[in-house]
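One structure is given here, and the rest of the page talks about it.
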Amino acid sequence: MKYNPSEIEAKWQKKWEEEGSYWALDFDKRPKFYLLIEFPYPSGAGLHVGHVRSWSAMDAYGRKKRMEGYNVLYPIGWDAFGLPAENYAIKMGVHPSKIVPQNIARFKKQCKSLGLSFDWSREINTTDPKYYKWTQWIFLKFFEKGLAYRADVPVNWCPVCKTNLADEEVLADGAHERCGQKTQKRMQKQWLLKITAYADRLLEDLETVDYSSKIATQQVNWIGRKEGINILYEIEGRSEKIVCFTTRPDTNFGATFVVLAPEHPFVASLLNSKLKKMKAYVEKAKKKSAIERIAEGRKKTGVFTGLYCINQLNNYKMPLFISDFVLMEFGTGAVVGVPGHDKRDFEFAKKFNLPIPRVVVGKDGDTSEITQKEQVQEEKGTMINSDFLNGLDISEATKRIMDYLEEKGWGKRTVTYHMRDWVFSRQHYWGEPIPIIHCNQPTGGCGAVPVPEKKLPVELPYLEKYQPSGTGESPLALALDWVDVKCPKCGGRARRETDTMPNWAGSNWYYVRYLDPHNDKTLADKKKMDYWLPVDLYQGGFEHTTLHLLYSRFVYKFLYDVGAVPNPEPYAKRRSHGIVLGPDGRKMSKSFDNVVNPEDVVGKFGADTLRVYEMFMGPFDQTIAWSEEGVEGCFRFLKRVWRLSLTKVTQEKTPLSLLAKLNRTIKKVGQDIESLKFNTAVASMMEFTNEWQSNKKGLNKADLKNFLLTLAPFAPHMTEELWQQIRRFEVRGEKLELDSLNSRNRDIRRSNFQDQDNPISHFKDSVFESIHLQPWPVYDPKFLQEEEAMIVIQVNGKVRDGIKIKSEKLKIKNEIEKMAKKSERVRKYLEGKKVKQVVYVEGKIMNFVTEQ
RNA sequence: GCCGCGGUGGUGGAAUGGUAGACACGAAGGCCUUAAGAGCCUUUGUUCCAAAAGAACGUGAGAGUUCGACUCUCUCUCGCGGCACCA
């Protein structure tokens, strides 16, 4: 019988769906395992082979876990709000509310054709009002706790498209990615979430979770915690003081100037003066976008204010400058310049001919004056020219001077972060409306008032004109009858908030909703959360490490604080996967014409082949280019297994060597799946198949079943079909005994879902006994030990021979040494030389070291 | 500039400090077949040698530790990803 994947796969997919084979059971006694993949954004392009790589690998992982007796939850849903959907809708000329369901339908069909063991009964969709009701509820909680606030924030504005842009839409040179025009920064009131209030906890709690070091490091860097000190400087002849943040106060005896950001509040007070030059500089600098500032390179510009700050340490008069290399958003917006030990300060000092004293001697011991070469901060060094700090190591000096400055009241230790508060509003149509009402009466009004919880969800109104408004406001502002409401507090005339949430909003908490997708009283039932949370393994793209992953941790921690979820960290373990590139090694893109469509691959080779190939193509966490030839290799492998399973099976015992290989394979595949090394797991099964093929006899049926069980997580359809064929053969004329786990599951399912209208309540007994409900095969350690071991014989580290030694003799070094010395090939190299040392590693290697 | 990851045959890659190149692709030769397809068998890191036997070389470059290094340490180099005038 020929291997016909399309027929087999359709048949089993239907069967699994009818029987609800992969539904997870709440409160089941088996240990739970919550396996999560990032739910997709259902784009118009359909499923990407990159999705398939991650999902089929996790599918194999989850299937094995089920076979090991875990109650596995492997859910799926749709992250369907956001700018890409809106842009796609504009491009197609169809309303997003129509386009999105179409895309979802297509994704769903494609997913199902892959035989992924998702629990479809828990499917969610972020654009469903019943879902985003709770996204809005979370926002209200943030507002209630004072963690959602409004502030003026610079936004990217495209003057041609008349719309605000996300940072992702602005190219490196400041151009809008779609129209190519230069964007501008302009200030606009936005909603922000105070993630910085959680910075320390987000950092500290990384120690309580199992993230790969790459991921953890990137989160640490993103949070960017820095300890330093704010130093107060008096301005000569003025009452105001300037506060500068620095992480290196040890070098403060080398400070020769102070620089303010153009946006610094003190600068504004200076502009009333007659200094035209200064005014012109500040105005010019403020107009520049951040991108333009960078585009100018590192050339320093600036203007002298005519004022001096006093360095209290040595009473040095430091001229006060304004320069746009200093950023208002970081630190205090004022920098004390230590040109001897900071590259930027050095450049600035050169430009304005300021002195560049040295206060640290680096490891080269150079004490000369710094004039030519750039001097950066050393990691190690000794202080000079610094009064009471002289001779101290820089880290000791830092502590000493911080204490000193604090004692004197000149400074205060402080901590800064790279991470900023999270801009949480968008001026776009296709998102969750922010549930706030603005009550601004001429007499004052109530301000920003939350929509009462009972009135949630605030449904997104259907708008014919959903395109950007052209004013920078959300298009919702044009829906006057929607905008116009009464204030929930005072009943006066008020206006709805017209901004919507970013596409991250719905994906912050979706994994909680899977636990109880239809609950209309709360996010999810508390008992269900207690049972399932935290997520045991969260698998996703590396590109989401700082945005989605960090931000959703923040949201979860907040929910924990308000008592809405049971623990402080959502994901116990996080791993990421590599990207799948086009066959040409470039990122898959329509413009390169190198996109591989999983549907085509399934059509040609079947889902099992696609799955096996995507796991075999290379290390799971590494970026890999697609290879059509590689797919064919995996197709050959499955065809070979199919053929051998039907032809090379015996009633006799499996030959010992083949049985040993099988047991080693079972062990290796099990370990490799656990450590996400899917490529070597597949390779070891190929190795086994090759031995099976070349073996004269073949596999006993019981052993064949074990091999099929091992392969089942990777190629579920084909193994299921073969399993059924074997079972049919076995039960012919016999009384069929249902596997206990299988029948138990079925009973639980039936009782759990009796009252609901779903396929499982119509479950009928059948002889069907799914391979995936069989226990994961157990290898027998007695087969892992080989009777003989090959000992490699080296002379001076070079391999000269290998000798076979009976296992029980491996401990006797003398005997092995004797045997090795008998070998012609070894003797040749030992002749006339004195053996100095004999190294023996049991069961592996013997190395003769001679005198040269 | 900073942080992170990586560099192994013609290609994708494998290798707890212990026979480098598993497995797969590609290529070459053969079997089967009227033919095609599919399948099966053999060979396949480089160099030396007519060939075999054998030997030398070989994991980006250079040094170090070690009886022994793709693996550990240091310096450099190239490539990829992230951040970036962050004080």
Side-chain angles (χ1 to χ4, degrees), chain A residues 2-3 212-218 220-222 224 226 228 244-249 251 259 261 290 293-294 296-300 323-327 329-338 341-345 347-348 374 376-377 416-420 542-543 545-546 578-579 585 612-613 616-619 621-634 636-637 639-640 643 677 679-690 693-694 790-802 825 828 835-850:
Chain A
K2 215 185 143 194
Y3 173 47
S212 60
S213 61
K214 213 175 153 181
I215 295 170
T217 310
Q218 205 176 312
V220 169
N221 290 345
W222 184 265
K226 277 193 188 140
C244 296
F245 174 74
T246 177
T247 56
R248 291 292 307 275
T251 61
V259 191
R293 285 194 190 182
I294 295 164
E296 280 178 6
R298 277 151 222 276
K299 270 187 203 151
K300 296 292 175 289
S323 173
D324 65 6
F325 88 83
V326 177
L327 308 172
E329 308 90 77
F330 190 80
T332 58
V335 171
V336 55
V338 183
H341 303 282
D342 181 278
K343 203 176 156 189
R344 292 171 317 246
D345 294 352
E347 287 163 355
F348 193 82
E374 294 173 356
V376 282
Q377 296 183 349
T416 63
Y417 300 90
H418 168 264
M419 188 170 66
R420 294 283 116 80
F542 191 65
E543 69 275 19
T545 300
T546 47
I579 303 164
V612 169
Y613 169 66
F616 181 64
M617 67 194 304
D621 57 0
Q622 205 169 295
T623 298
I624 301 252
W626 186 267
S627 152
E628 173 87 8
E629 293 83 5
V631 181
E632 279 182 53
C634 292
R636 262 175 235 159
F637 162 61
K639 279 192 290 192
R640 183 181 269 201
R643 200 183 59 244
K677 287 159 81 176
N679 54 333
T680 49
V682 174
S684 69
M685 287 186 285
M686 287 173 169
E687 260 181 77
F688 171 76
T689 310
N690 291 346
Q693 162 91 37
S694 55
M790 175 74 85
I791 304 293
V792 173
I793 310 298
Q794 298 182 334
V795 178
N796 292 324
K798 295 210 169 180
V799 178
R800 296 306 176 187
D801 203 357
R825 302 165 71 172
K828 208 162 97 183
V835 175
K836 206 164 58 174
Q837 190 189 351
V838 180
V839 181
Y840 175 59
V841 181
E842 198 185 308
K844 281 187 177 159
I845 204 155
M846 177 166 280
N847 189 11
F848 293 95
V849 187
T850 68

Separation of B:G18 atom P from A:Met846 atom CE, nearest Å, is 17 Å
So for A:Lys300 and B:C85, does any side-chain atom that can act as donor or acceptor lie under 3.5 Å from a complementary atom in the base? yes
Below the 4.0 Å mark, does B:A87 have OP1 or OP2 next to a side-chain nitrogen or oxygen of A:Lys226? yes
Going by a 90° cut-off around 0, is B:G9 syn or anti? syn
For A:Thr246 and A:Glu629, take the nucleotide of RNA chain B holding the closest heavy atom to each; which residue's nucleotide lies nearer the 5' end? A:Glu629
Considering only heavy side-chain atoms of A:Thr217, the closest of B:G54, B:G4, B:C67 is B:G4
Measure distances between side-chain N and O atoms of A:Gln794 and base N and O atoms of B:G18, and say whether any donor-acceptor pair falls under 3.5 Å. yes
With nearest nucleotides of RNA chain B determined for A:Thr416 and A:Ala625 from heavy-atom distances, which residue corresponds to the more 5′ nucleotide? A:Ala625
Hey, can you tell me if A:Phe245 and A:Phe330 have their rings parallel, tilted or perpendicular (30° and 60° cut-offs)? perpendicular
Testing B:G39, B:G12, B:G4 for proximity to the side chain of A:Ile624, the answer is B:G12
What nucleotide among B:A20, B:U16, B:C40 has an atom nearest to a side-chain atom of A:Gln693? B:C40
Side-chain N,O (A:Arg636) to OP1/OP2 (B:G26) below 4.0 Å: yes
Within 45° cone of A:Phe325 ring axis and under 6.0 Å: A:Lys300 NZ or CZ: yes
Main-chain N/O of A:Gly797 paired to A:Arg800 side chain as donor or acceptor, under 3.5 Å: no
Can you check whether A:Lys798 has a side-chain N or O nearer than 4.0 Å to OP1 or OP2 of B:C57? yes
Measuring from A:Thr251:OG1 to A:Asp345:CG, what's the distance to the nearest 0.5 Å? 8.5 Å
Phosphate-side-chain proximity, A:Asn690 and B:A24, N/O vs OP1/OP2 below 4.0 Å: yes
Where the side chain of A:Asn847 is concerned, which of B:C67, B:G13, B:C40 is the nearest nucleotide? B:C67
Taking only the side-chain heavy atoms of A:Ala683 (C-beta and beyond), determine which of B:G39, B:A22, B:U19 contains the nearest atom. B:A22
